[in-house]
Amino acid sequence: MVTGQLERKTQTVRRNLRLIRHARRGDQDIQARTKNKQSPVKQSAGNKHPSENHTRDVVDSEINHELSKARYRALDLADLMFGHLVTTSLARDILERFLVDGVVTCRKHQSKESHRPESDEARHALGAAYADAVAHACHRTDAPLEETKEPKAKYQWHWPQFPGAPIDENNLVAFLNNIADKALSTAKSINGDDSLKPRNRFAAPRDKHHAIPLSYEPDGEDMRPDFMAYVNFTAILLAGESKSGRNAREGLMQVQRYIRGIKRAQPWLRFATGMTMGRDFVALLRGDCSGMERVELSLSDGRGSIEFIRIVLGIILAEKEDFGHNPNVEIGERDVSVDVLEASSTDLTHAGANLMTTASQSATRPAFTISQVPNSSRKHPAPPPMAVQASAGSKRGRSQLDDPDDETNRDRNIGGKKSKRRKRTVKLRAFIPVRVHGRKCMGILFTSGSIRGRGTTVYVVAAADDGKTLLALKTSWQDVARADDQAAVLKKLVDNKPHPNVVIPSKSFQAECSGTASTLASIRALLDDELTELKVENRVLTVTISELKRPVAYFWSPHDFVRGLIGALLGILHRDISENNIVLPLCRDHLGNELGALIDFDMAIVGRPNMHQDSTLLLAEQDVEEMLSLADQPSSPLPENDQPYRAQRTGTTPYMSIGVLRGQSHTHYDDMESFLYILVLFFFSYAGPLEEGLLRRARVQGFVQPVTAGRLPHVTAWPAMFERWASGTFKEISDRKCSDLHPISHAGFIKDCFPHIRTRWASDSQCSIEPRVIGKLILDCWIMFARQNRRVEHGQFIKVLREWLAKYAGDEDKCYVYPFDG
C-alpha cells in the first residue's frame, strides 16, 4: 500500500496546461473584437439596475454572454483545489479500503462479476486508476513538466450506496456525508493522526418547497440550494445541483447561476465553487473574475473515483480560504429577520408532487451546499422558506410597484395593488463583513458582482483616525492590461486641483493575499510565462478609499436628483456613465448647494485636451476638464492583430449610447446620451422617494444595504418599453433606441411614457408632484436630443435642467421635506 499524506500548501504548484482547454460547448456565438472588427462589448450579469428583469432566462443569457470564450475544462482542477489536503496517493489508499469494505466495487468492462478486493485484477484496476489520476494532476515541484501517457480505461467502478433515481436530496446528502466520514476515518488510520476533524458538512434544506433570499439588491430572485441546513447564501461555501440523468451538462447552467448568487451574497470572495452530481458523474466548477473552470468526472471510471474521494474529503477538511475567502475581510454573524410569503395550498401541492421535477426545473434552486460545522453550543435558526414567491420565474423585489402591462404580474398584482397573501417573519443567521482591510465595516453600500468582470463592491467603513467618519472603500478586480491607464487617470485627478463634483480616492492600493491577488496567478496558479496561454484577462484586486456620498436611490425629491445630475455633468470622458456612478451630497453645504458628483473612473482614459467648445459649461474647471480626451478616441485600445480581444466594457447596457452599442468611437456626445437615459429611466425606476423616516435612518447607517432586504421598497420594475433597452443583442438595443430618438417617431415614444409616469408619480401620501411636471422635463430633454441627432453639449443639457428647476422650485417646497438636517 502506498502511504499518502495530508499536505499543506508548501510546495510550488504548477498547472498542467495540456489539461486546460476551452469549454466551447454552451458558448454563445459572440464575435471577438479585433482591430479590423469592432464588435460591441459583452453583456454582463452584474451591475444590473434593481428595476431590470431578473428572470431565469435573462440571467442565464447574460451569464452566457459574460462567460463567452472564458469557460475552460481544467482536468486538474480538483487537484489544484484540494491536492494540498488530500494527495492522489492518499485517495488511492482510501479507494483501496473502500474496495475491501464494499463501499465501491470494480469489474472489467463487459463483465457482470466484480473483482475480489485481494485479486490481481483489483490491484491492476487500482494501479490503472492511480496512474490515470497522476497523469491528470498538477505538478507540485519545480521539475520540468513531462508528458505522461494516459492509461486506457479497462475497468468499471460502481458505488452501490449511491441513491437511485429519482435522486432525493436528503439521501444524496446522507451518501456524501457517509463517504466523507469513512474517508476521514481511513485517512486517520493511514496517517496515524486522530486530530483530523471535519470543518464542514454537506447539508440539505429543511424546507423543500421554498427558496432562500439572496442578500443584496438588485436581485429579486431567490435561490434554494439542494444541500443546505441552517445556513443561507451569505454563508454558503459550495452550492450545487443533483440530476437523475447521466448528463452532467444539464446541471452546469444552474450551478453557474448559483455561483453568481454566492458571489453576489458574499462579494468579498475571490472565487466561488459549485458542484453538480448524477448517477454516474460529478462535476466541480469554480468561477473567478476571469471566467470559469470546471472538471467533469465519471464515477464509473477509476480516476473519477479517486478524484471523487479527493473532492468529498477535501470539502469537509477545507478552510474557508480554500473556498475563496479573502483573509483581509473579517466576517461576523448576525441574526436577521425577513418577511416571507406563506405558501398557498396550490404551491405546496405542486412543489411536493414531484421532487425531482422541482429540482430540475426550478430557476433558483441549487441542489446542495456545504455548511460549516457549528459549535455545539450555538443554535442556528432554520432557513427561511421563501422571500417573495415560490415560482421559478420570480423577478420581483419584496415591495415594489408592478406595471399593469407586465404579463408576468397580472395575476398577482394589478396596477400596483399588493398581493393579499399572508406573510410571516422568520429569522436566519447571516454572515456579514465586520472589518475590511483593517477598517471597521458598517455594511455593504453597493455590489455589482457576477462571475466574470470587475466585481465592484463598495463597503462603508470607519475612518482610521477618529473611527467615526464614514468612508467608502471600493474593491474591484481590474484588468492588469489597463493598470497603466488607470494609474494615469488617478494621477491626473490627484495632481490637478480637486474638483467639487469629482470624487477623488484618497488612497489606492493593490490588495495582497499570499502575494499579489490576481486571478490567473494566485487563484489559477499560472506562472508568468503561462499567463498568455489563456486568452482571458488577468485581473488584480485593487482597493480605493474615498469620502462617502449618497446613492441616487436615496433621493428626497425629483429636484434633488436633477441637481445631482447637473453636478455629474462634467466635461470629461468617463465611458461608464450609469446611475451607480452618480452620487448625491450627504447634506447641503454652507451655501445650501446640493449638486451631485461623478465617481468611478475605472474605464476613463487619459488623452488629448478637450477639443469641443462649450461656452456655457457651468461646473467643470479647465484643468480637470482637459485631463481626459473628448476627441475621437477609440472606446478602448485594440490589439495589433486579429487575435481575440479580451473582455471589455464601455458602459452599462441600458445607459449605453447608440454609437457605443454599434462599436463606434466613444466621444463626449456618447456620455451625454448616457446621461439622458439616466434621466429618463430614473422616473420609471422609483415610485417617488423613500419615506422621510427611512431616509433619516439610512443616512445614520451610511446607506448600507440591509442583509436579505432585496430591493428598496420604492423601486419599481421598468415598463416593457424600457426593458427593451436592457435585453437582446447590442444591434437590437441600438436599433430600438435609434427608433425612440428618431426626429420623426420620438413623439410617439414620449406619448407612451406618460401613462407609466402617472402610475408611479401620481399623488399619494409620499409624493404630490404632478406627473405633468416630470413629463415636461423628459419631453424637453428628449426633444433636444432627437432634434440635434444626439449631439448635445454639456452646457445645453445643464441649461434645460436648470430652467426646469427654476420653473418648478415651488413644487419641491410644497411636496417634500428635506430629511437630512441635524
Side-chain angles (χ1 to χ4, degrees), residues 23 25-26 56-57 59-60 63-64 67 71 73 75 77-78 104 156-180 202-205 208-209 211-212 221 223-228 236 238-262 272-287 292-301 303-305 307-309 311-312 315 350-370 392-393:
R25 183 185 294 269
R56 169 179 180 168
D57 291 342
V59 173
D60 285 352
I63 289 176
N64 279 332
L67 291 180
R71 279 183 278 227
R73 295 185 62 186
L75 303 185
L77 180 60
V104 65
Q156 186 85 23
W157 295 77
H158 177 62
W159 297 79
Q161 297 177 358
F162 194 95
I167 300 176
D168 179 88
E169 55 204 40
N170 287 324
N171 294 337
L172 178 58
V173 165
F175 168 75
L176 291 173
N177 282 328
N178 182 46
I179 296 298
F202 292 90
K208 295 179 179 295
H209 309 309
I212 294 174
E221 75 220 68
M223 292 197 281
R224 178 194 175 276
D226 283 350
F227 290 16
M228 178 169 271
I236 287 176
L238 176 149
E241 183 71 17
S242 60
K243 292 294 181 183
S244 295
R246 295 176 178 271
N247 188 352
R249 295 183 179 88
E250 292 180 4
L252 293 177
M253 191 65 234
Q254 288 175 276
V255 174
Q256 288 179 174
R257 194 182 315 116
Y258 307 149
I259 288 177
R260 172 186 180 269
I262 293 174
T273 311
M275 285 176 61
T276 179
M277 288 199 65
R279 186 67 186 89
D280 190 40
F281 69 86
V282 58
L284 180 68
L285 298 86
R286 187 175 71 170
M292 181 79 72
E293 289 185 289
R294 76 171 187 258
V295 58
E296 300 172 25
L297 301 163
S298 171
L299 294 180
S300 63
D301 176 70
R303 177 177 72 90
S305 296
E307 297 296 354
F308 175 60
I309 292 173
I311 291 172
V312 173
I315 284 172
H350 175 73
N354 189 327
L355 180 63
M356 280 316 300
T357 299
T358 306
S360 62
Q361 293 180 353
S362 172
T364 56
R365 192 172 166 276
F368 53 86
T369 63
I370 303 302

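All residue numbers refer to positions in the sequence shown, counting from 1.
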inquiry  = If you apply the rule side chain to side chain contact (heavy atoms under 4.5 Å, CB included), what do you find for L238 with M275, and how did you get there?
reply    = CA-CA 7 Å; L238 176 149; M275 285 176 61; 3.9 Å; yes

Residues R294, R73; criterion side chain to side chain contact (heavy atoms under 4.5 Å, CB included); working and verdict = CA-CA 5 Å; R294 76 171 187 258; R73 295 185 62 186; 4.3 Å; yes

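The line from CD of E241 to CZ of R257 is 8.5 Å long, rounded to the nearest 0.5 Å. Expressed to the nearest 0.5 Å, how far CG of D301 lies from CG of D280 amounts to 9.5 Å.
In this structure, M277 and L176 approach most closely via the heavy-atom pair SD-CD2, 3.7 Å. Here the shortest heavy-atom pairing between V104 and H158 reads CG2-O, 3.1 Å. I311 and L297 make their closest contact through CD1-CD1, 4.0 Å (heavy atoms, listed as atom of the first residue, atom of the second, distance). Across all non-hydrogen atoms, the minimal contact from A283 to L252 is CB-CD2, 4.1 Å. Residues M253 and I63 share a closest heavy-atom pair of CE-CG2, 3.8 Å. The shortest heavy-atom contact between G278 and L299 is O-CD1, 4.3 Å.
In summary, of the residues considered (L77, L284, L285), a side chain to side chain contact (heavy atoms under 4.5 Å, CB included) with E293 occurs for L77 alone.
Annotation: side chain of I167 is in contact with side chain of F162 (closest heavy-atom distance under 4.5 Å). Side chains of F202 and V312 form a contact here, defined as non-hydrogen atoms less than 4.5 Å apart. Using a 4.5 Å heavy-atom threshold, the side chains of W159 and I179 count as touching. Counting only heavy atoms from C-beta outward, the side chains of V295 and E307 never approach each other to under 4.5 Å.
Listed for the S300 side chain is no donor-acceptor partner under 3.5 Å among the backbone atoms of W157.
Between F175 and F308, the ring-plane angle classifies as parallel under the 30° and 60° cut-offs.
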